[in-house]
Amino acid sequence: QVELVESGGGSVQAGGSLRLSCAASYYTAVTFCMGWFRQAPGKEREGLAAIVTTGSNTFYADSVKGRFTISQGGAKNTVYLQMNSLIPEDTAMYYCAAKGSLCGVGALTKTNAWAAWGQGTLVTVSS
């Protein structure tokens, strides 16, 4: 029982930054782990980052490690994705997700294990 709403997407030049937000109406049983995914047309959904909401442990896919940062704030009901040094390959629809257990890099590879998803916010990076 959780609703996720993303915001913050837009169009930026390569090398620029964006900060995505995910506002959550929490049901604690399914918000132990929250994450960010992206999907470009014709490609599979890709897990990017996850955070354990009770302790703020974070996990990242190699493709974004060092450039993207997931964090939690806003009275613990908002999860952010700070995206720096953006490249055209980052262009995609970005989704926030939540699940009740098993947070980590492995969870980012198991799209079907996530219980709730937001509607997505579009990020476009131009050269």
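This is a predicted model, so every value here is computed, not measured.
Residues passing the side-chain contact (heavy atoms from CB on, under 4.5 Å) test with Val52 are Phe32, Thr54, Asn57, Phe59, Cys103, sequence neighbours excluded. Tyr94 meets the ring-ring contact (aromatic ring centres under 6.0 Å, His included) test with no other residue; sequence neighbours excluded.
Annotation: cation-pi geometry not satisfied between Arg45 and Trp114 (NZ/CZ under 6.0 angstrom from ring centroid, within 45° of ring axis).
Contact of the Leu102 side chain with the Lys110 side chain is not registered, since no non-hydrogen atoms from C-beta on lie closer than 4.5 Å. Here the side chains of Ser71 and Arg19 are in contact, with some heavy-atom distance below 4.5 Å. The side-chain heavy atoms of Ser7 and Thr121, taken from C-beta on, include no pair separated by under 4.5 Å. At least one side-chain heavy atom of Thr69 sits under 4.5 Å from a side-chain heavy atom of Tyr60.
Between Phe37 and Leu108, the closest heavy-atom pair is CE2-O, 3.6 Å.
Going from atom CD of Gln72 over to atom CD1 of Ile51 covers 5.0 Å, rounded to the nearest 0.5 Å. Taking CG from Leu48 and CG from Leu20, the interatomic distance works out to 9.5 Å, rounded to the nearest 0.5 Å. In this structure, the separation between OH on Tyr95 and CH2 on Trp36 is 11.5 Å, given to the nearest 0.5 Å.
When Leu86, Leu81, Asn84 are each tested for a side chain to side chain contact (heavy atoms under 4.5 Å, CB included) with Leu18, only one passes: Leu86. Screening Met93, Met83, Arg38 against Val123 for a side chain to side chain contact (heavy atoms under 4.5 Å, CB included) leaves a single residue, Met83.
At distances below 3.5 Å, not a single donor-acceptor pair connects side-chain atoms of Thr53 with backbone N or O atoms of Cys33.
Side chains of Glu6 and Ser21: a donor-acceptor N/O pair is absent below 3.5 angstrom, by distance only.
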